[in-house]
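Notes follow the structure.
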Amino acid sequence: DAKTTQPTSMDCAEGRAANLPCNHSTISGNEYVYWYRQIHSQGPQYIIHGLKNNETNEMASLIITEDRKSSTLILPHATLRDTAVYYCIVRVGGGSQGNLIFGKGTKLSVKP
Amino acid sequence: EPEVTQTPSHQVTQMGQEVILRCVPISNHLYFYWYRQILGQKVEFLVSFYNNEISEKSEIFDDQFSVERPDGSNFTLKIRSTKLEDSAMYFCASRTGRTSNQPQHFGDGTRLSIL
């Protein structure tokens, strides 16, 4: 699975959009980009995933560049409850494996 | 919304004792996983399970570990003879087999403390 690079930490003002970048320059054609977050010591929470098209759900939007070498997770109106560690993970879809390889992620602090 | 549930939330065990961590995956899911996270470190993959057998395991998952799906609803992780370094949060995850890219959904974990 391709390696990802994320900033160690970011701050965001409450109510503003949080834009979390991720580089995955070695991503291959059949690898998906997944975003999870972990609030304190809770289990990782799935946010969104995509292959090459931009995706949106009730939690966030995922923007993937045309060359697929980077992506941005957008939380449109960040709240204090969005303070968490955000993980960008790429992996091949398919098969009975597909275990996730977590990096250190980005610690997002949403401030009032 | 259906969720993965894990019990107990906190388990304290003496070193050398056996421990069983329990998980109830989401009901229509077919793929099951265990991960662990030592305090302050990354989430690490342990094992994946499909069709009643292990499909992949990491180097961490040695002979002291085993998994089982005893009754079609529970998914358990057993550590035969615990060591101090087994102290960690253990997370269970599951995913549907509907399409190959479906995401894994995690439980809130069991905190295992070895004394």
Side-chain angles (χ1 to χ4, degrees), chain A residues 1-6 8-9 27-53 55-60 62 64 68 71 73 84-107, chain B residues 1-6 9-10 23 25-26 29-61 88-113:
Chain A
D1 293 325
K3 184 176 164 56
T4 63
T5 306
Q6 299 178 253
T8 303
S9 64
I27 193 169
S28 57
N30 60 349
E31 286 185 311
Y32 288 76
V33 181
Y34 294 81
W35 282 85
Y36 283 79
R37 72 182 182 184
Q38 190 173 26
I39 297 172
H40 195 44
S41 293
Q42 295 176 22
Q45 178 188 22
Y46 165 74
I47 301 172
I48 200 166
H49 75 287
L51 182 63
K52 51 186 175 182
N53 297 323
E55 302 287 344
T56 295
N57 63 21
E58 65 279 3
M59 287 183 70
L62 174 61
I64 303 174
R68 303 209 323 121
S71 59
L73 178 76
V85 179
Y86 287 76
Y87 301 100
C88 167
I89 301 169
V90 297
R91 75 158 178 85
V92 176
S96 57
Q97 293 94 4
N99 52 290
L100 299 172
I101 300 174
F102 287 81
K104 294 185 178 180
T106 296
K107 183 173 171 53
Chain B
E1 186 175 320
E3 56 183 29
V4 175
T5 56
Q6 292 187 241
S9 56
H10 191 188
C23 168
I26 296 172
H29 284 191
L30 300 178
Y31 297 88
F32 313 111
Y33 306 82
W34 283 101
Y35 294 79
R36 80 171 186 190
Q37 185 175 31
I38 295 170
L39 185 64
Q41 298 186 24
K42 298 185 222 179
V43 177
E44 301 173 287
F45 166 73
L46 292 178
V47 66
S48 59
F49 192 86
Y50 170 72
N51 201 25
N52 279 321
E53 60 183 24
I54 290 173
S55 46
E56 190 173 8
K57 59 184 180 179
S58 71
E59 290 178 355
I60 304 167
F61 194 88
M89 286 290 293
Y90 288 80
F91 297 109
C92 173
S94 68
R95 72 173 177 92
T96 178
R98 244 192 6 254
T99 57
S100 60
N101 63 315
Q102 289 302 302
Q104 296 174 32
H105 294 273
F106 286 76
D108 274 337
T110 292
R111 179 177 302 281
L112 178 62
S113 300

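What you see is a predicted model, and the numbers here were worked out from it, not measured in a lab. Order of the sequence lines fixes the chain letters, A, B, ..., with proteins taken first and strands second; residue numbering starts at 1 for each chain.
Between Val43(B) and Pro44(A) the shortest heavy-atom distance is CG2-CG, 4.4 Å. Closest approach of Arg91(A) and Gln104(B) over heavy atoms only: NE-NE2, 4.4 Å.
The CZ atom of Arg95(B) sits 12.5 Å away from atom OH of Tyr46(A), with the distance rounded to the nearest 0.5 Å. Rounded to the nearest 0.5 angstrom, Gln42(A) CD and Phe91(B) CZ are separated by 9.0 Å. Distance CD1/Ile39(A) to CG/Asp108(B): 9.5 Å, rounded to 0.5 Å.
Tyr33(B) contributes no side-chain N or O that, together with a main-chain N or O of Leu100(A), makes up a donor-acceptor pair within less than 3.5 Å. Not a single donor-acceptor pair under 3.5 Å links the side chain of Asn99(A) to the backbone N or O of Phe45(B).
Ranking Glu44(B), Gln102(B), Lys42(B), Arg111(B) against chain A, the residue ahead of the rest is Lys42(B), based on heavy-atom pairs under 4.5 Å. Chain A forms the most heavy-atom pairs under 4.5 Å with one residue out of His105(B), Met89(B), Gln6(B), Gln37(B), and that residue is Gln37(B).
By the 4.5 Å heavy-atom criterion applied to side chains, Gln41(B) and Phe102(A) are not counted as neighbours.
Within a 6.0 Å sphere centred on NE2 of His40(A), other residues, nucleotides and ligands contribute 12 heavy atoms or fewer.
The aromatic ring centroids of Tyr36(A) and Phe106(B) lie less than 6.0 Å from each other.
If you measure heavy-atom distances from Gln45(A) to chain B, you find no contacts under 4.5 Å at all.
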